[in-house]
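The block underneath contains the structure these notes are about, expressed in structure tokens.
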Amino acid sequence: MLDMKWIRENPDAVKENIRKKFQDEKLPLVDQLLILDEENRRSITEASELRAQRNTLSKQVGMLMGQAKKDPSKLEEAEAVKAKVKANADQLAELEKREGELEEEIHHILMVIPNIIDPSVPIGPDDSANVEKERFGEPLVPEFEIPYHTEIMERFHGIDMDAAGRVAGNGFYYLVGDIARLHEGVLAYARDFMIGKGFTYCIPPFMIRRNVVEGVMSQTEMDAMMYKIEGEDLYLIGTSEHSMIGRFIDQILPEDSLPQTLTSYSPCFRKEKGAHGLEERGVYRIHQFEKQEMIVVCKPEESMGWYEKMWRFSVELFRSLDIPVRQLECCSGDLADLKVKSCDIEAWSPRQKKYFEVCSCANMGDAQARRLKIRVKGADGKNYLPHTLNNTVVAPPRMLIAFLENNLEADGSVRIPAALRPYMGGAGVITPKR
RNA sequence: GGAGAUGUCGCGUAGCUGGUCGAGCGCGCACGAUUGGAAAUCGUGUAUACCCCAAAAGGGUAUCGAGAGUUCGAAUCUCUCCAUCUCCGCCA
């Protein structure tokens with residue numbers, strides 16, 4: 001979400017940015033917005049004047065009423081003034097209604113106009129134009145065949161999709177034994193990894209109210225993702241970012257509390273409506289998963305520095321688990337409207353012989369803060385908008401796919417990298433059941 | 001979940017028989033005076049958003065948990081919601 005004032009002064013830059021994002025259909029919105037803004041400001045001025053009039057007249061009534069206690073003839077005068085105010089009431093009501101409409105229309109358009117992308121973002125229409133920036137670790141393909149991830153899990157008696165289907169339906173899973181432990185081990189390791197980087201561990205609410213949901217996503221996104229609790233004003237979060245960033249809505253933060261570097265854990269619930277459905281077998285795309293996330297709220301001038309650090313944390317973590325990864329930068333057309341710059345960390349799949357997304361790191365600039373009215377009280381006493389960023393640390397069980405495929409041995413056992421051993425009871429390897 | 005109480009400008013409070021209350025007082029904070037320096041004292045100031053104004057100065061509107069209503073006019077009255085506290089119930 002951009003600043004209306006800024007758009008007013010830089011409509012061409014806004015249009016240029018829309019073109020760069022291949023959203024030409026939104027170009028007319030800019031001029032439309034400028035017209036609406038003009039009208040809105042006119043009606044605000046007009047309505048303010050009417051209110052000012054009403055306020056002074058009402059004060060007169062008060063005075064007259066006071067005098068009327070001594071001099072009853074003043075009562076008539078007071079009634080006359082009252083009538084005068086009433087006469088203007090309709091006009092004001094109408095203006096107020098129009099004001100409301102205009103504001104809504106403007107807000108609606110502002111939500112749709114994309115954030116100004118960073119000059120470094122590669123230009124391209126869609127995800128096919130995303131750019132591989134760097135690889136970390138050798139993407140090896142072993143001699144032996146790597147089975148599908150659920151098959152690896154089954155060898156450990158580690159997954160029961162059939163029962164999950166009967167109990168909860170498609171898109172759910174039972175993780176069992178070593179695989180379940182591995183799942184939690186990865187989360188615990190990721191948590192400690194981030195704490196080691198100076199982040200503050202945080203467990204947020206897993207359900208949030210509608211007004212918070214509306215703050216953090218659009219209606220369309222909401223319909224496609226969020227589960228609602230029947231009979232309550234509560235929704236299951238799709239990621240901890242929802243409740244984490246919700247924590248700051250409408251708040252004015254003291255400057256010395258920045259940067260806020262948080263790492264949050266939560267289960268995530270997603271309908272995945274309209275996505276690729278749940279066609280992908282296994283635990284790649286599911287209704288429920290768990291995630292360790294990183295969230296940063298910082299001064300504007302520091303956000304790019306944090307962005308670099310954050311995606312590198314993901315790389316470091318995956319490398320410490322012997323998983324080859326690459327950084328894939330989102331091109332302009334694939335960048336979500338709120339984001340200034342973002343990249344995915346993709347893990348190597350020796351089975352598919354390609355990389356697949358495991359982390360998504362984004363710098364939102366001040367757009368999210370503006371939308372949610374998150375402000376910082378500066379040293380000079382003035383408030384300003386901070387920048388917000390987020391990135392995945394790990395999101396198992398999807399992350400387990402990368403882990404199992406890359407650490408599988410020819411004999412069917414799975415190596416446990418040194419970093420993870422403390423979370424697996426010290427084991428250096430886990431072996432299949434049969 | 002049941003009963004009661006409460007929610008005011010950073011904090012603590014006054015106001016809550018509707019007008020002179022955007023809001024008094026104390027603390028805190030900032031600046032100034034005083035001082036060799038400090039403490040103390042005195043003085044001044046101390047929210048957010050938006051609109052008008054080229055800008056500054058200045059002016060205006062809105063905000064007393066949130067929303068709606070009554071009224072010429074609401075911090076003050078009514079309703080709904082939210083939160084907090086106390087007691088009871090129920091559970092990890």
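Naming: A, B, ... by sequence-line order, numbering from 1 per chain.
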Give the nucleotide from the list B/rC52, B/rG73, B/rA49 with an atom nearest to the side chain of A/R375.
B/rA49
Provide the Watson-Crick or G-U wobble partner of B/rA55, both distances under 3.5 Å; none if there is no partner.
none
In whole Å, measure the gap between the C1' atoms of B/rC81 and B/rG89 for me.
24 Å
Do the numbers put A/K309 on top of the ring of A/F313, so that NZ or CZ is under 6.0 Å from the six-membered ring centre and no more than 45° off the axis?
no
Hey, which of A/V283, A/I159, A/L400 is the one that makes side chain to side chain contact (heavy atoms under 4.5 Å, CB included) with A/H149?
A/V283
If we call it a pair only when both distances are under 3.5 Å in a Watson-Crick or G-U wobble match, what pairs with B/rG12?
B/rC25
Partner nucleotide, any strand, of B/rA74 [Watson-Crick/G-U, under 3.5 Å]
none
Is any side-chain nitrogen or oxygen of A/N55 closer than 4.0 Å to OP1 or OP2 of B/rG73?
no
Atom CD of A/E357 with >12 non-hydrogen neighbours under 6.0 angstrom
yes
Gap between atoms CZ and P, on A/R41 and B/rG60 respectively (whole Å)
21 Å
Position toward the 5' end of RNA chain B (nearest nucleotide), A/A47 or A/K59
A/K59
In Watson-Crick or G-U wobble terms, both distances under 3.5 Å, what is the partner of B/rA62?
B/rU48
Which whole number of Å gives the distance between the C1' atom of B/rA62 and that of B/rG73?
16 Å
Look through every strand shown and name the nucleotide pairing with B/rG89 as Watson-Crick or G-U wobble, where both distances are under 3.5 Å.
none
Among B/rU20, B/rC82, B/rU61, the nucleotide that comes nearest once only the side chain of A/R51 is considered:
B/rU61
Please tell me if the side chains of A/Q32 and A/E105 come closer than 4.5 Å, counting only heavy atoms from C-beta onward.
no
Nearest-Å distance for atom pair CZ/P, residues A/R210 and B/rA66
22 Å
Could you give the distance separating B/rU71 and B/rC16 at their P atoms, to the nearest angstrom?
24 Å
Measure CD/A/E96 against C1'/B/rU61 and give the value in whole Å, please.
11 Å
If you check every side-chain atom of A/T45, which of B/rC51, B/rC72, B/rG60 has the closest atom?
B/rC51
When you match A/S48 and A/K377 each to their closest nucleotide on RNA chain B, which lands nearer the 5' end?
A/K377
Between A/V296 and A/M310, which heavy-atom pair has the shortest distance, and what is it?
CG2-SD, 3.7 Å
When rounded to the nearest Å, what value does the distance between C1' atoms of B/rU8 and B/rA47 take?
13 Å
Rounded to the nearest angstrom, tell me the gap between atom CG in A/N40 and atom P in B/rC52.
10 Å
Let's test this: given Watson-Crick or G-U wobble pairing with both distances under 3.5 Å, identify the partner of B/rA39.
none
For nucleotides B/rG10 and B/rC64, find the distance between their P atoms and express it as a whole number of Å.
13 Å
Which of B/rG60, B/rC82, B/rG73 is nearest the side chain of A/R209? It is B/rC82
Say you pick atom P in B/rG69 and the same atom in B/rU84; how far apart are they, in whole Å?
28 Å
Nearest whole angstrom, please: distance from the P of B/rC72 to the CG of A/L50.
17 Å
When rounded to whole Å, the CG to P distance for the pair A/N383 and B/rC9 reads 17 Å
Checking all strands, does A/R8 fall into the base, sugar-phosphate, or nothing category for heavy-atom contacts under 4.0 angstrom?
sugar-phosphate
Rounded to whole Å, CD1 of A/I249 lies from P of B/rU48 at a distance of 21 Å
Would you say that A/F156 contacts A/L182 through its side chain, given a criterion of any heavy-atom pair below 4.5 Å between the two side chains?
no
In this structure, how many angstroms lie between the P atom of B/rU48 and the OH atom of A/Y384, rounded?
14 Å
Identify the nucleotide, in any strand shown, that forms a Watson-Crick or G-U wobble pair with B/rG7, with both distances under 3.5 Å; if there is none, say none.
B/rC82
Identify the nucleotide, in any strand shown, that forms a Watson-Crick or G-U wobble pair with B/rU20, with both distances under 3.5 Å; if there is none, say none.
none
Heavy-atom nearest pair, A/V325 first then A/V315, reads CG2-CG1, 4.0 Å
Tell me what A/R54 touches on the nucleic acid: a base, only sugar-phosphate, or nothing, going by heavy atoms under 4.0 Å.
sugar-phosphate
Give one of base, sugar-phosphate or nothing for A/L57, where a contact means two heavy atoms less than 4.0 Å apart.
nothing
